[in-house]
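Every chain is numbered from 1 and lettered A, B, ... according to where its sequence line falls, protein lines coming before strand lines. Worth saying up front: this structure is predicted, and the values here are computed from it rather than measured.
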2 protein chains.
Amino acid sequence: MKHVDLDKLDRRILSLLQQEGRISNQLLAEQVGLSPAACWRRVRTLEENGIIQGYSARVNPEKIGQGLCVLLNLSLQRHSIDSTEEIEQQVSSYPEVLQCFAVTGNADFVLRVIVPDMASYDRFLNEKIFTLHGISQVNSNFALREIKNTETIPVEGLDQGGIDAPKTTNPRP
Amino acid sequence: MKHVDLDKLDRRILSLLQQEGRISNQLLAEQVGLSPAACWRRVRTLEENGIIQGYSARVNPEKIGQGLCVLLNLSLQRHSIDSTEEIEQQVSSYPEVLQCFAVTGNADFVLRVIVPDMASYDRFLNEKIFTLHGISQVNSNFALREIKNTETIPVEGLDQGGIDAPKTTNPRP
DNA sequence: ACTGAAAGTCGTTGCAT
DNA sequence: ATGCAACGACTTTCAGT
């Protein structure tokens with residue numbers, strides 16, 4: 001199997017740490033029902049396994065003048081399908097690009113771009129997108145409103161996929 | 001003006017805290033060139049201003065069996081344009097939906113959905129999307145690869161928007 | 001607005017179960 | 001894999017500049 005199995009306590013820890021990444025280990029331990037030491041060791045293990053990749057401050061983009069969010073659909077010329085790696089590296093290096101996925105459908109890539117305003121977006125396109133080699137189409141969809149924006153991966157009381165019988169023993173092999 | 005002006009130190013703090021949300025205040029202070037107390041007060045202020053909205057653990061979805069990411073384009077029937085609020089509330093409540101934006105272009109909404117596998121996505125669509133009232137079109141683009149995925153808002157050495165003259169005084173009004 | 005020190009709190013380790 | 005206990009490190013506050 002590809003992914004790690006987590007017991008109820010690990011999932012609770014992950015859930016709490018996704019909400020409150022700077023919660024003290026003592027409070028965390030209390031809320032999951034463990035001693036601080038036991039809790040700390042579990043967090044440690046989750047970090048070492050790469051399940052917890054790190055911790056971040058969540059910054060409100062509007063409050064620092066980065067209020068324009070754009071979903072950019074990018075298509076490549078078919079003959080440049082092997083120059084994608086260069087494009088991907090370039091795009092990754094742009095701080096305005098928060099997310100980039102290679103996708104099925106009409107476009108080859110979907111990017112989420114964040115900039116202060118339209119003038120900045122215009123500059124971004126002209127300087128950083130239109131200059132890429134092998135681009136065939138660029139389509140910008142502007143975010144009118146943000147309904148939901150979280151990085152909280154579901155871990156608790158949740159569809160675990162597959163059709164496995166529920167496990168009652170050996171929670172952490 | 002809508003957004004808050006930050007000086008170089010605040011921007012450095014934001015940058016560091018976005019990368020290492022659990023860095024100790026001492027190290028942070030050291031890296032920005034302040035005393036721990038001064039640094040701590042600035043962080044405090046950034047939190048109180050809502051510039052720092054909170055802290056999160058970054059969880060690797062693949063490692064916990066949430067390996068399928070889908071960009072879902074949702075269109076509404078034109079006559080149900082005022083029942084959007086109900087749809088938005090429902091969609092927000094789904095843990096599989098990490099992001100949802102109202103956008104310009106062909107679709108009305110773009111959602112980023114995360115599930116364990118295709119079977120789960122099938123269930124998600126049937127149980128939580130197709131059951132929404134007022135939907136006209138649903139289009140799923142599957143993420144083949146994740147080129148970049150960060151929530152790190154650009155704050156340092158960066159396009160601040162507009163054409164204002166550079167400020168040299170009054171960094172924190 | 002910053003520094004430095006004081007007091008309280010917390011993270012981290014080793015040991016026993 | 002857990003709990004307890006102890007030490008060192010840290011956060012947070014307050015007076016002084």
Side-chain angles (χ1 to χ4, degrees), chain A residues 1 3-59 63-64 155-156 160 166-173, chain B residues 3-59 63-64 155-156 166-173:
Chain A
M1 196 180 297
H3 65 89
V4 184
D5 267 316
L6 304 170
D7 65 12
K8 213 170 219 171
L9 295 173
D10 287 328
R11 287 204 292 269
R12 182 129 193 76
I13 288 173
L14 283 181
S15 177
L16 288 165
L17 280 178
Q18 285 191 99
Q19 292 164 43
E20 280 296 314
R22 265 195 114 143
I23 190 174
S24 80
N25 185 55
Q26 289 198 334
L27 258 176
L28 183 64
E30 197 175 296
Q31 298 204 34
V32 300
L34 281 173
S35 73
C39 183
W40 184 84
R41 271 186 297 251
R42 274 170 180 266
V43 172
R44 197 75 192 178
T45 306
L46 290 167
E47 290 170 355
E48 284 167 359
N49 289 346
I51 292 170
I52 294 176
Q53 300 182 293
Y55 301 86
S56 301
R58 294 192 301 267
V59 171
K63 294 242 177 177
I64 59 171
V155 287
E156 277 188 311
Q160 298 298 121
K167 292 220 178 110
T168 53
T169 50
N170 267 354
R172 283 160 55 100
Chain B
H3 65 87
V4 184
D5 268 315
L6 304 169
D7 66 12
K8 213 171 217 170
L9 295 173
D10 287 328
R11 287 204 292 269
R12 182 127 193 77
I13 288 173
L14 283 181
S15 177
L16 289 164
L17 280 179
Q18 284 191 100
Q19 292 164 43
E20 282 294 316
R22 262 193 117 145
I23 190 175
S24 79
N25 185 55
Q26 289 198 332
L27 258 175
L28 183 64
E30 198 175 295
Q31 299 204 34
V32 300
L34 281 173
S35 73
C39 183
W40 185 83
R41 258 183 301 100
R42 276 170 180 266
V43 172
R44 226 8 224 246
T45 305
L46 290 167
E47 290 170 355
E48 284 167 359
N49 289 347
I51 291 170
I52 294 177
Q53 300 183 294
Y55 301 86
S56 301
R58 293 191 301 266
V59 171
K63 295 243 177 177
I64 59 171
V155 287
E156 276 187 311
K167 291 219 179 113
T168 52
T169 49
N170 265 354
R172 284 159 54 97

### Task
Mind running side chain to side chain contact (heavy atoms under 4.5 Å, CB included) on A/Val155 and A/Gln18 for me, showing each step along the way?
CA-CA 10 Å; A/Val155 287; A/Gln18 285 191 99; 4.3 Å; yes
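- Listed pair B/Trp40 / D/dT12 meets the phosphate criterion, a side-chain N or O lying under 4.0 Å from OP1 or OP2.
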### Task
Take B/Arg22 and A/Leu17 through the test side chain to side chain contact (heavy atoms under 4.5 Å, CB included) and record every step on the way to the result.
CA-CA 11 Å; B/Arg22 262 193 117 145; A/Leu17 280 178; 3.6 Å; yes
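- Residue A/Asn25 contributes atom CG, which lies 12 Å from atom P of D/dG3 at whole-angstrom precision.
- Summarising the geometry, atom CG belonging to B/Leu46 is positioned 12.0 Å from atom CZ belonging to B/Arg11; distances are rounded to the nearest 0.5 Å.
- In this structure, CG of B/Leu9 is placed 12 Å from P of C/dA1, rounded to the nearest angstrom.
- The OH-C1' distance, from A/Tyr55 to C/dG11, rounds to 13 Å in whole Å.
- Taking the side chain of B/Arg42 as heavy atoms from C-beta on, and the options D/dT2, D/dG3, C/dC2, the nearest nucleotide is C/dC2.
- For the pair A/Gln26 CD and D/dA9 P, the interatomic distance rounds to 18 Å; values are reported in whole Å.
- Picking from D/dG3, D/dT2, C/dT3 the nucleotide with the shortest atom distance to the side chain of A/Ser35 gives D/dG3.
- Nearest nucleotide to the B/Arg41 side chain, out of C/dA1, C/dG11, C/dC15: C/dA1.
- Rounded to whole angstrom, the span from the CD atom of A/Glu30 across to the P atom of C/dT9 amounts to 14 Å.
- A sub-4.0 Å separation between OP1 or OP2 of D/dT12 and a side-chain N or O of B/Arg44 is absent.
- When rounded to the nearest whole Å, the span between CD of A/Glu48 and P of C/dT12 equals 12 Å.
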### Message
Checking B/Gln31 against B/Ile23 for the side chain to side chain contact (heavy atoms under 4.5 Å, CB included) test, could you report, in this order, the C-alpha distance in whole Å, the side-chain angles of both residues, the deciding distance, and whether it holds?
### Response
CA-CA 11 Å; B/Gln31 299 204 34; B/Ile23 190 175; 3.9 Å; yes
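- What separates CG of A/Leu17 from P of C/dG11 is a distance of 11 Å, to the nearest Å.
- Interatomic distance, B/Thr45 OG1 to B/Asp10 CG, rounded to the nearest 0.5 Å: 8.0 Å.
- At the heavy-atom level, A/Ala38 lies under 4.0 Å from the strands shown only through sugar-phosphate atoms.
- When distances run from any side-chain atom of B/Ala37 to the nucleotides C/dT3, C/dC10, D/dT11, the shortest one goes to C/dT3.
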